[in-house]
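A short worksheet on the structure shown next.
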Amino acid sequence: MEVTPFGWELTGRRLRELGCEPRMRMKDGVPFLTDNQHYILDCSFGAIADPAKLHRQVSDITGVMEDGFFIGMADIVVSGTPGGGDQCVDEGVGWTMDWRGRDGWCPGG
């Protein structure tokens with residue numbers, strides 16, 4: 001989550017109330033700053049049953065500038081896995097597969 005430095009602690013508490021454990025992204029021992037001079041709070045929510053609902057809830061928190069949900073912006077999502085691999089997800093057709101697939105790309109991608 002990209003959050004404003006002013007009041008970031010309160011923003012983090014509100015995110016925690018939604019079920020994540022916000023962790024300040026650091027670089028060289030200080031909080032990482034985005035191009036817009038905002039902080040990044042890394043948040044893991046685990047499996048999200050209703051991403052659109054969570055996006056609305058997160059977006060309503062004062063201090064959240066961007067949330068990274070990209071609701072309605074992509075047909076296929078490629079994401080990292082905890083083990084360091086990649087996966088390709090296409091909810092429209094209901095499949096998840098290894099990023100490389102058979103031909104090096106996600107089907108339909």
Side-chain angles (χ1 to χ4, degrees):
M1 306 293 164
E2 183 174 349
V3 302
T4 59
F6 181 79
W8 73 268
E9 298 95 340
L10 178 59
T11 303
R13 283 196 297 272
R14 297 293 179 257
L15 289 166
R16 187 174 294 112
E17 290 169 2
L18 293 178
C20 78
E21 187 56 43
R23 192 172 41 87
M24 177 70 70
R25 186 175 298 176
M26 305 294 282
K27 181 177 181 182
D28 300 325
V30 296
F32 174 82
L33 289 174
T34 68
D35 292 341
N36 293 317
Q37 303 302 300
H38 296 137
Y39 291 158
I40 298 290
L41 294 180
D42 291 311
C43 299
S44 176
F45 288 93
I48 301 171
D50 188 344
K53 178 181 178 184
L54 184 58
H55 167 67
R56 286 189 303 274
Q57 291 173 312
V58 168
S59 295
D60 286 345
I61 297 173
T62 299
V64 172
M65 305 309 292
E66 294 289 340
D67 61 27
F69 281 100
F70 306 109
I71 302 296
M73 296 175 67
D75 295 323
I76 295 173
V77 175
V78 176
S79 66
T81 63
D86 298 317
Q87 67 181 4
C88 182
V89 180
D90 184 338
E91 188 173 345
V93 295
W95 52 257
T96 300
M97 68 176 296
D98 177 60
W99 159 254
R100 299 293 174 220
R102 292 178 299 279
D103 59 1
W105 291 97
C106 296

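Index from 1, following the sequence.
To the nearest 0.5 Å, the span separating CG on L33 from CZ on R25 amounts to 12.0 Å. Remark: L18 CG to F45 CZ distance equals 6.0 Å, nearest 0.5 Å. Considering OG1 of T4 and CZ of F6, their distance stands at 8.0 Å, rounded to 0.5 Å. Rounding to the nearest 0.5 Å gives a distance of 9.0 Å between NE2 of H55 and CG of D60. Rounding to the nearest 0.5 Å gives a distance of 8.5 Å between CG of L41 and CE of M1.
V58 and M65 are assigned to two separate hydrophobic clusters, defined by single-linkage of ILVMFWY side chains at heavy-atom distances under 4.5 Å.
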Under 3.5 Å, side-chain donor or acceptor atoms of residues 7-15 against the rest of the protein: list the pairs with distances, not counting sequence neighbours.
{"from": "T11", "atom 1": "OG1", "to": "G7", "atom 2": "O", "distance (Å)": "3.3"}
{"from": "T11", "atom 1": "OG1", "to": "T62", "atom 2": "O", "distance (Å)": "3.0"}
{"from": "R14", "atom 1": "NH1", "to": "E17", "atom 2": "OE2", "distance (Å)": "3.3"}

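For CZ of R16, the number of neighbouring non-hydrogen atoms (other residues, nucleotides, ligands) closer than 6.0 Å is greater than 12.
Between I61 and Q57, the closest heavy-atom pair is CG1-O, 3.5 Å.
Here the side chain of N36 pairs no donor or acceptor atom with the backbone of H38 at under 3.5 angstrom.
Cluster partners of I40 are F32, counting Ile, Leu, Val, Met, Phe, Trp and Tyr whose side-chain heavy atoms approach within less than 4.5 Å, directly or via other members.
The shortest distance between side-chain heavy atoms of M26 and P31 falls below 4.5 Å.
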